Chemist: 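Pasting a structure here, questions to come.
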Amino acid sequence: MEMEPLYRPQGVEERWQQTWEEEGLYAADPDPSRASWVYAFPPPNVTGSLHLGHALQLSIGDALARWKRMQGRNVLIQAGYDHAGIATQSVVEKFLESEGTSRRELGRDAFVERVWAWLHEYGGTIVGQFRRLGASMDYRRIRFTMDDAYVRAVMRFFVHLYGRGWIYRDNRIVNWCPYHETSLSDLELEDVEVDDALSTIRYPLADASGHIAIATVRPATIPADVAVAVHPEDERYRDLIGKDAVVPFVERRVPIIADERVDPEFGTGALKITPGHDPTDFAIGRDHDLLEPSAIREDGRMSDLVPELEGLTQEEAAERILDWCRERDLLEKREHYRHSVPTCERCHTRIEPRISLQWWCRMGELKQPALEALRERRVAFHPESQHRFALSSLEDAPDWNISRQIWWGHQLPVWYCPDGHITVAETEPEACTECGSAELTRESDVLDTWFSAALWPFATLGWPEQTPDLAAFYPGDLQTTAREIIRLWENRMIFSGLELLGEVPFRDVIIHTTLLAADGRRMSKSLGTGIDPLDLIAEHGADATRYGLMKMSSSQDVRFSPQQIEEGRRLANKLWNASRLLLLSGAVEPAVRPQALEERWILARVDATRAELEADLAAHDFAHAVERLYHLTFDDFCDWYLESIKPRLEEADVRATAFAALERLLKLLHPVTPHVTEEIWSHLPARASRLIVARWPEPDERFADAADALVRVQEAAERFRRSGVLTPLEGEEKRIFDTVVRPERDGARNGDVDAERARLRAEIERAERMLANERFVEKAPADVVEAEREKLERYRRELDAIGD
RNA sequence: GGGCGGUUAGCUCAGCUGGGAGAGCAACGGCUUUACACGCCGUAGGUCGCAGGUUCGAGCCCUGCACCGCCCACCA
């Protein structure tokens with residue numbers, strides 16, 4: 001096949017992706033002869049498409065996987081989808097709206113069928129996009145959290161926790177979305193700034209001795225007030241504590257209580273307590289044994305608490321109540337107030353804090369083994385700061401609200417009989433376990449999406465069955481994710497794995513960099529700041545994209561910059577052309593037969609880089625890892641080594657060594673840029689296997705001695721190019737210098753010996769000053785002082801050589 | 001309000017346990033050199049956010065301040 005001067009990844013990459021997969025090189029099967037290495041890739045939303053975060057973590061994870069595979073490990077990257085309960089339900093509901101129907105019109109069973117139909121038509125595109133990035137996942141093993149087998153695992157988990165006594169039902173205040181009519185976790189919310197009005201309203205004292213004024217943005221909730229609270233230390237109200245106030249409009253007597261959660265600085269310093277519609281009030285109410293009436297219904301309109309308000313919107317009700325207050329001179333003032341309120345991240349409806357009956361999982365005992373595992377670092381989050389965060393958020397983890405009032409998801413395996421007895425079973429029971437009634441109704445709630453996601457590392461391998469896959473691939477090795485997923489998912493996988501299988505699901509969790517938009521804001525579709533990785537791949541290739549994303553993954557937040565991707569593209573092209581040079585000179589069987597200094601040197605450089613690269617990858621320092629590969633390729637391999645052997649390329653032995661060095665270089669690069677390296681590999685003299693499964697280079701320190709000699713040549717070259725000064729060199733060193741630098745060309749330009757002399761004098765002066773400082777010589781470490789002396793001597797020698 | 005991180009060259013970022021400020025890109029100058037102009041060689045560009053402190057010596061350690069980002073908790 002012809003090798004064009006310009007490497008074009010388009011077409012080449014797709015061909016290798018297909019070949020690798022067809023030849024079964026991505027496949028992982030239990031193999032007792034090899035140690036496994038398992039990376040359960042976070043299952044994306046089944047309705048989702050590839051974004052830069054996926055691409056980044058996949059670049060990292062796949063590079064590690066390919067590295068481990070070349071080291072002989074039996075690598076499994078688990079792929080699949082999450083059903084993403086509320087997100088998917090929202091997407092399909094919007095679709096139904098466009099068709100002129102709705103979830104309610106269809107009813108539950110028909111709706112769920114429509115979701116499945118929708119998914120078969122439009123869902124599951126993202127895994128194809130993983131392929132396009134070159135992700136070496138076992139695509140035969142795609143799992144979905146709604147697969148029959150997976151559903152069985154989820155049911156088993158629920159029944160198990162219930163049997164342990166850790167699952168209970170309770171009325172709590174939850175984030176309620178009036179549009180979806182479901183509870184939401186705190187993490188499914190989005191804060192939005194709104195312009196509101198803050199009303200100050202007088203509540204008359206029951207003994208008619210005056211009034212106490214409160215401030216509220218939600219007058220509609222006044223009918224559900226059950227108390228007025230003040231801070232216990234607040235002098236203004238000390239005398240009122242224990243008295244009764246009269247709630248306007250409903251004219252109900254309520255106590256004035258003291259509670260430290262009231263902020264005396266805000267508003268009037270007095271707070272109306274509405275446990276049914278505010279989280280703080282709810283907490284205060286529980287502590288003071290207050291009633292929890294509800295003025296607002298599931299749909300966000302007024303309840304029948306006050307019959308004349310029933311069915312009104314909150315705005316309408318608020319107007320009525322405020323009018324009532326105005327007429328009696330109880331409305332002190334009404335002022336503009338801007339604040340942020342939680343909204344549903346899917347439909348942007350304002351969240352209604354609401355008390356409802358929910359299912360909960362007690363965390364107290366369940367999390368203990370996970371805490372221990374984290375403390376003992378049997379699971380380690382990287383970087384270290386995130387490990388501390390993971391540990392502290394698990395320590396603080398409140399009981400887990402596991403129920404959602406939506407239709408798409410795993411329906412709770414809970415059945416009620418007419419007498420209200422509860423039967424919990426993995427499959428539909430025949431009769432109530434308590435009274436034997438056969439009239440059973442299933443709980444309509446479904447489980448939180450993260451409840452099933454918590455089982456991902458083992459439910460994908462067949463658990464609860466004791467499958468060969470489970471034996472071979474559990475526990476796994478790697479997890480990668482974004483910071484905000486730690487509490488939602490990582491910690492829950494850890495405690496679930498420990499509870500159900502007795503072992504942690506993975507050893508290392510890499511919390512990857514968050515890529516910001518160029519202006520420093522968060523990347524998001526709604527801000528229009530997102531970048532489609534598929535566009536990057538189409539333009540620059542998957543290799544360049546992988547390289548660039550790894551280069552960008554250094555600190556916690558990094559702004560996206562296309563230059564890094566372009567750098568990757570140049571690297572691929574450079575590698576391509578270096579290989580072209582050797583192949584055009586005549587392919588020969590690779591053999592390590594170094595005869596000259598530069599040959600020993602490049603082999604030493606490649607080996608040194610191998611060692612450094614291994615250390616970088618082990619430390620998850622991907623930015624430095626790829627930078628090293630870039631310099632090895634450009635500076636060492638091309639600019640020095642290939643330039644210096646060019647005149648001798650007709651010698652077969654020289655080429656044999658060159659091909660051997662190239663092979664090692666390709667191997668080191670393969671985890672980062674798999675396609676171009678495999679493509680070049682295929683042009684090399686017949687290899688027994690694909691590069692993807694070739695053996696990672698063994699340490700080879702035979703030529704380490706060549707490094708120093710070459711450094712001398714490189715320094716001489718730098719000096720010559722800078723100043724025209726020729727450093728005396730002999731033999732091999734002089735030959736390489738003459739080949740690469742070519743004094744007849746580079747030296748003609750400027751011979752600024754004076755500048756070089758001045759430079760050396762400045763260095764000498766500086767070193768002399770340091771060494772003249774007694775405190776420095778006394779207190780600095782001996783090796784630092786010694787190094788300074790050596791520098792001084794060297795500079796003096798060099799100055800002598802030039803001629804002072 | 002709490003937590004994490006950041007502030008170093010025009011841009012994106014490195015700088016290990018304190019010991020001569022770096023890379024890539026961009027800019028500028030020079031090279032049609034038997035692979036690559038997506039190339040090669042070189043030049044310039046930085047009071048390392050600000051103010052103190054510790055130290056013989058601080059980009060790095062300590063204190064305070066300013067600004068930016070993210071996460072969490074939120075005052076009705």
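Just so it is clear: chains get the letters A, B, ... in the order the sequence lines come, proteins before strands, and each one is counted from 1. This is a predicted model, so every value here is computed, not measured.
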Chemist: Write down the distance between CZ (A:Phe637) and C1' (B:G39), rounded to a whole number of angstrom.
Modeler: 17 Å
Chemist: Relative to the ring of A:Trp450, is the ring of A:Trp489 parallel (under 30°), tilted (30 to 60°) or perpendicular (over 60°)?
Modeler: tilted
Chemist: Within the structure shown, what part of the strands sits under 4.0 Å from A:Leu6 by heavy-atom distance: base, sugar-phosphate, or nothing?
Modeler: base
Chemist: B:C40, OP1 or OP2 - any side-chain N/O from A:Lys646 closer than 4.0 Å?
Modeler: no
Chemist: Think A:Thr216 has a side-chain N or O under 4.0 angstrom from the OP1 or OP2 of B:A76?
Modeler: no
Chemist: Quick one: which of A:Arg334, A:Arg350, A:Arg218 gives a salt bridge (Lys or Arg N to Asp or Glu O under 4.0 Å) with A:Asp196?
Modeler: A:Arg350
Chemist: The side chain of A:Phe776 lies closest to which of these nucleotides: B:G19, B:G15, B:C4?
Modeler: B:G19
Chemist: Hey, what's the ring geometry for A:Phe634 with A:Tyr630, parallel, tilted or perpendicular (30° and 60° as the breaks)?
Modeler: parallel
Chemist: Looking at the side chain of A:Arg569, which of B:C38, B:U12, B:A35 is the nearest nucleotide?
Modeler: B:C38
Chemist: Determine the interatomic distance between P on B:G46 and the same-named atom on B:C56; round to the nearest Å.
Modeler: 32 Å
Chemist: Pairs counted only when both distances fall under 3.5 Å, Watson-Crick or G-U: show me the 5' to 3' dot-bracket for RNA chain B, [ ] for pseudoknotted crossings and | for other-strand partners.
Modeler: (((((((..((((.....[..)))).(((((.......))))).....(((((..]....))))))))))))....
Chemist: Any donor-acceptor pair under 3.5 Å joining the side chain of A:Glu567 to the base of B:C25?
Modeler: no
Chemist: Scan A:Tyr630 against the nucleic acid and name what it touches under 4.0 Å (heavy atoms): base, sugar-phosphate only, or nothing.
Modeler: sugar-phosphate
Chemist: If the cut-off is 4.0 Å, is A:Ser555 near the phosphate of B:A14, judged by side-chain N/O to OP1 or OP2?
Modeler: yes
Chemist: Consider the side chain of A:Asp639, meaning its heavy atoms from C-beta on, and name the nucleotide among B:A76, B:C40, B:A35 that approaches it most closely.
Modeler: B:C40
Chemist: Within the structure, does a side-chain N or O atom of A:Arg483 lie under 4.0 Å from either OP1 or OP2 of B:C70?
Modeler: no
Chemist: If you assign each of A:Arg580 and A:Val558 to its closest nucleotide in RNA chain B, which residue comes earlier from the 5' end?
Modeler: A:Val558
Chemist: Considering every strand and a 4.0 Å limit on heavy-atom distances, what is the contact class for A:Ser393: base, sugar-phosphate, or nothing?
Modeler: nothing
Chemist: What integer distance in Å separates A:Leu649:CG from B:C36:P?
Modeler: 14 Å
Chemist: What integer distance in Å separates A:Gln564:CD from B:A23:P?
Modeler: 15 Å
Chemist: Does the side chain of A:Arg570 come under 3.5 Å of the side chain of A:Asn573 through a donor N or O and an acceptor N or O?
Modeler: no
Chemist: Would a distance-only check, ignoring hydrogens and angles, find a side-chain to backbone donor-acceptor pair under 3.5 Å from A:Arg766 to A:Ala762?
Modeler: no
Chemist: Does a side-chain N or O of A:Lys272 approach OP1 or OP2 of B:A76 to a distance below 4.0 Å, or not?
Modeler: no
Chemist: Side chain of A:Asp543, backbone of A:Gly568: donor and acceptor closer than 3.5 Å?
Modeler: no
Chemist: Identify whether any heavy atom of A:Glu778 sits under 4.0 Å from a base atom; if not, whether one sits that close to sugar-phosphate; answer base, sugar-phosphate or nothing.
Modeler: nothing
Chemist: Which is true for A:Asp281 with a 4.0 Å heavy-atom rule: it touches a base, it touches only sugar-phosphate, or it touches nothing?
Modeler: nothing
Chemist: Using a 4.0 Å heavy-atom cut-off across all strands, classify A:Val784 as base, sugar-phosphate, or nothing.
Modeler: base
Chemist: Could you check whether A:Pro781 gets within reach of a base, just the sugar-phosphate, or nothing at all, counting any heavy atom under 4.0 Å?
Modeler: base
Chemist: Would you say A:Tyr7 reaches B:A35's phosphate, i.e. side-chain N/O to OP1/OP2 under 4.0 Å?
Modeler: no
Chemist: Please report, rounded to the nearest Å, how far the C1' atom of B:G39 is from the CG atom of A:Leu571.
Modeler: 14 Å
Chemist: Indicate, with a heavy-atom threshold strictly under 4.0 Å, whether A:Tyr547 touches base, sugar-phosphate, or nothing.
Modeler: nothing
Chemist: Is it the case that the side chains of A:Arg483 and A:Gln386 hold a donor-acceptor pair, with the cut-off being a distance below 3.5 Å and no angle test?
Modeler: no
Chemist: For A:Lys791, report the nucleic acid contact type (base, sugar-phosphate, nothing); a contact means any heavy atom under 4.0 Å.
Modeler: base
Chemist: Tell me what A:Thr514 touches on the nucleic acid: a base, only sugar-phosphate, or nothing, going by heavy atoms under 4.0 Å.
Modeler: nothing
Chemist: Looking only at side-chain N and O atoms, does A:His624 offer a donor or acceptor that is under 3.5 Å from a partner on A:Asp616?
Modeler: no
Chemist: Where each residue is assigned the nucleotide of RNA chain B containing its nearest heavy atom, which of A:Met552 and A:Gln563 is assigned the position nearer the 5′ end?
Modeler: A:Met552
Chemist: Taking the six-membered ring for Trp, are A:Trp576 and A:Tyr7 parallel (under 30°), tilted (30 to 60°) or perpendicular (over 60°)?
Modeler: tilted
Chemist: Base, sugar-phosphate or nothing for A:Leu584? Non-hydrogen atoms, less than 4.0 Å.
Modeler: nothing
